[in-house]
Amino acid sequence: MAGVGRILPAALVCAAGVALIVTAARRDPGPIGRTGVPSSVIPVAVPADAGWGELTGRVSDLDGLPVEGALVLAQDLAGMAGCARTGPDGAWLLTLERWDRVRPRWPDRGFAGGALPMREAEVCVAARAEGFVRSTTRRVVARRSQRTSVGPVVLYRGGFVSGRVIDEGGREVAARVRIVAVDSRDRLEGMQGLPRAWPDDAVRSEPGGGFRIGPLGPGDAVVFAAAPGVGAGSATVAVEEGRTASVSISVRAMPSIAGRVLDDTGRGVAGIRITCRPEARLEEGRSPHVRTGKRSSPEGLAPGVLATESGEGGDFDFHGVRADVPYAVVVTGAESAALRGVTAGCTDLVLALPVRGTLAGTVTCAGTGDPLEGAALRLLPGGSAGLVRLTHPLGLEGVGAGLPASGPDGTFAIPDLFPGEYRLVVTRPGYEVAETPVVVVPAGGSPEPVEVRVVRAGSLAVVVGDGRGGRVAGAEVSVAVAPPRGPRPLSRAGPWSGRLNAVADGAGVCGFPGLPAGVRLILRARDAEGRSARLEFVLLAGEERAETVTLAEPAVLSFHVDPVTSGARGGHPIRLAGLDDPEIDVLVETDAEGRARVTRLPPGRYRIMATDPLEDESRPEVAGRIAEVDLSAGVEAESRFRIPDVTRVHGRVLVGDAPLADGRVGFGPLQGTPDHFRPLLFRVRKGAYEGVVPPGLYHVSVEYPGRRIEIEEPVRIPAAPEHPLDWSLPGK
């Protein structure tokens, strides 16, 4: 293919064609100055092995006193995160690393764990500490290989809300009280791993006792109260740090549905979950189970569906229902305990629970008939076959919690089940997952005996060889579930997930018992010298397989990029993706001489992409920098690519005498200037912008809210490392 760098052994270099590339894509420049660093941020050089970059700062309370032992969390949407603890003076220092969920697959292969290519990123910083409920959030532009100083992070002590609930006559009533909305100062945004700022659980108010909710973060809270048989109401209250705010909530009658849940003896039953949904949403012949999804409500319910649990005496109520819609009120899990055609205003409903029963049975081995102890059980409603997808981890550790396991004689008993059809799922390490339909009958009936026969799972014995007749002790071996095949699968969740790890003993042998049958598995082996092997296999039920894998010498791949006219370019991104092993995904940058080197690569096929993420790969001049290579064991190969010259453009944008707070500067290529990339739009933050463009002639425009200004004269960008370009625009 024209323009593709070919891979040849022994560092033999070959290149063809001329290609163009923008080398600094997805860059988020700093707010002030041509350095792209905010005036409140102090950059300091960071050692190369210290991670992507470092952040430092202090944590204090609202009075400015330092907070010791606070956990500081930082994260960025581009794939970095870090955490640290504060010292006695409230100071902290953390290192930004890749997120765990995009962890490097091969950390010692000659590159820094798949280092991220961008040179700067906007990072969100917040903190948490015992005795405090909220934290201010600091956003700062951090730069690669530098230490950035972050402004003080302030923690807030909790406040409380107390009060009483009264009816329209001024009498105190018992009600459930909940925080339903907040308008918080210094609201925490986009941070994971921090405590919830506002509680979701409702509290109970009693006449003469009132209610008390907290601790809460400072802000304005909307408190909602619902009194069964009376009505509902809300009030807004300001929550201050370390103080208790008082409020009185007046409830008034509103459209509602209420009633009681009774057992077969006529007594109220507490703790029964009930759903109330429009009848149009309840499909005939299907169990009314709650579904969750992207369009669900905050409680995880479908839109228009309400849910609650019966209280003391079995009472329940749904407030805020529509008066013109018929509803179905259903006891979750008991389809027979359902009322159809219920309308607003019905407050004396009675949901009669059927007599509950017990599911009992035995778990045995299908091959020997022996009873199995410790089998984990999971029970699913029979109508949820298309709604629930179970995923089992390799090894079956930690599954089935919540139900009693089978006893020494293999027997089990699950009490207090509503009559009906269920799916019983049985898991036990070393055996295949067994799933069977079961029927629960009311107590006193004649249940069918349940016997679950589970099949012994397969096993794999691995011998790790060195290719010279010897065996490799201490090699790291793993078995993982292979990803689904095909481009862009609809769902990446298969029936099995996870990975099992082992280390070869002194004889180079290790084993993996209890592997599932019919699942595509991948075996990987690797020693301390970087030699590796990969094997894909599928086991039959109960199969005991022995495999010998031979470690192959690692390959080395070097890159060299040559600009068209200027000298070597450093910082050019090159991505290396494994075609035989999709888990290999390496992103490197060239050094000051335009070179990059990746060592300890497993032999196999790879795709090299010396392109920018913003380029259109369908264009021939871009596709010429995408190559597929086949590396042999122990081979050192090199690939050379011709890339275009680029210039770093940076400057300030003034509107009148003030820096432009937020906008974009656009460069449109003219008269033969390369245009095979997406539109060149660079963000303006606090008056500063920065970007990389190929040399040439451009039409420039500046956009900001409510206005677009076209620069009349074309601008020529020279072939130089950088080119300052400031803009002064007329005032609004």
Side-chain angles (χ1 to χ4, degrees), residues 333 354-385 388-462 479 481 494-502 510-519 521 537-546:
V355 179
R356 284 181 266 193
T358 299
L359 179 65
T362 306
V363 180
T364 60
C365 177
T368 63
D370 297 333
L372 296 180
E373 180 183 4
L377 309 175
R378 183 169 183 179
L379 204 59
L380 302 174
S384 63
V388 178
R389 170 176 287 181
L390 297 181
T391 300
H392 310 290
L394 289 183
L396 293 176
E397 295 294 337
V399 298
L403 290 178
S406 59
D409 56 353
T411 60
F412 64 88
I414 307 175
D416 296 328
L417 297 176
F418 290 121
E421 297 180 355
Y422 293 86
R423 297 161 57 202
L424 178 62
V425 182
V426 179
T427 55
R428 189 179 189 274
Y431 291 83
E432 297 285 345
V433 176
E435 183 175 334
T436 182
V438 294
V439 177
V440 176
V441 300
S446 300
E448 292 289 335
V450 177
E451 181 181 4
V452 184
R453 302 174 64 86
V454 293
V455 178
R456 190 177 295 276
S459 63
L460 178 68
V462 182
V479 172
V481 179
W496 291 88
S497 64
R499 180 192 303 267
L500 297 177
N501 300 307
C510 62
F512 296 92
L515 295 178
V519 178
L521 301 173
F537 65 97
V538 177
L539 291 179
L540 302 176
E543 179 183 2
E544 298 180 357
R545 179 182 299 189

Quick one: pull up [atom1] in [X] and [atom2] in [Y] and give me the separation to the nearest 0.5 Å.
X      : Y      : atom1 : atom2 : answer
Glu432 : Leu396 : CD    : CG    : 9.0 Å
Asp416 : Arg356 : CG    : CZ    : 5.5 Å
Glu373 : Arg428 : CD    : CZ    : 7.5 Å
Thr364 : Arg453 : OG1   : CZ    : 4.5 Å
Leu394 : Leu515 : CG    : CG    : 7.0 Å
Cys510 : Leu500 : SG    : CG    : 11.0 Å

Residue pair Val481, Leu521: steps toward the side-chain contact (heavy atoms from CB on, under 4.5 Å) verdict: CA-CA 5 Å; Val481 179; Leu521 301 173; 4.2 Å; yes

Intermediate values then yes/no, side-chain contact (heavy atoms from CB on, under 4.5 Å), Leu377 and Val452: CA-CA 11 Å; Leu377 309 175; Val452 184; over 6 Å; no

From CA spacing to verdict: side-chain contact (heavy atoms from CB on, under 4.5 Å), Val439, Tyr422: CA-CA 6 Å; Val439 177; Tyr422 293 86; over 6 Å; no

Which pair of non-hydrogen atoms, one from [X] and one from [Y], has the smallest distance, and what is that distance?
X      : Y      : answer
Thr391 : Pro393 : O-CD, 4.0 Å
Pro442 : Pro419 : CG-CG, 3.8 Å
Ala413 : Thr358 : CB-CG2, 4.2 Å
Val454 : Ala434 : CG1-CB, 3.5 Å
Val363 : Ser406 : CG2-CB, 4.3 Å
Ser459 : Pro513 : CB-CA, 3.9 Å

Anything under 3.5 Å between a donor and an acceptor, one on a side chain of residues 537-545, the other on a protein residue two or more places apart or in another chain? List them.
unit_1 : atom_1 : unit_2 : atom_2 : d
Glu543 : OE1    : Leu540 : N      : 2.8
Glu543 : OE2    : Arg545 : NE     : 3.1
Glu543 : OE2    : Arg545 : NH2    : 3.3
Arg545 : NH2    : Val538 : O      : 3.0

Sequence-distant partners of Asp409, side chain to side chain donor-acceptor pair (under 3.5 Å), two or more places apart: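 With sequence neighbours excluded, Asp409 shows a side chain to side chain donor-acceptor pair (under 3.5 Å) to Thr411, given in chain and number order.
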
Side chain to side chain donor-acceptor pair (under 3.5 Å) partners of Tyr431, counting only residues at least two apart: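 Tyr431 satisfies side chain to side chain donor-acceptor pair (under 3.5 Å) with Arg456 only.
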
Close side-chain approach of Thr427 to His392, heavy-atom, < 4.5 Å: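 Side-chain contact under 4.5 Å: yes.
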
Non-hydrogen side-chain atoms of Leu372 and Thr362 separated by less than 4.5 Å: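 Heavy-atom side-chain distance check fails, nothing below 4.5 Å.
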
side-chain contact (heavy atoms from CB on, under 4.5 Å) between Val426 and Phe412, intermediate numbers included: CA-CA 11 Å; Val426 179; Phe412 64 88; 5.9 Å; no

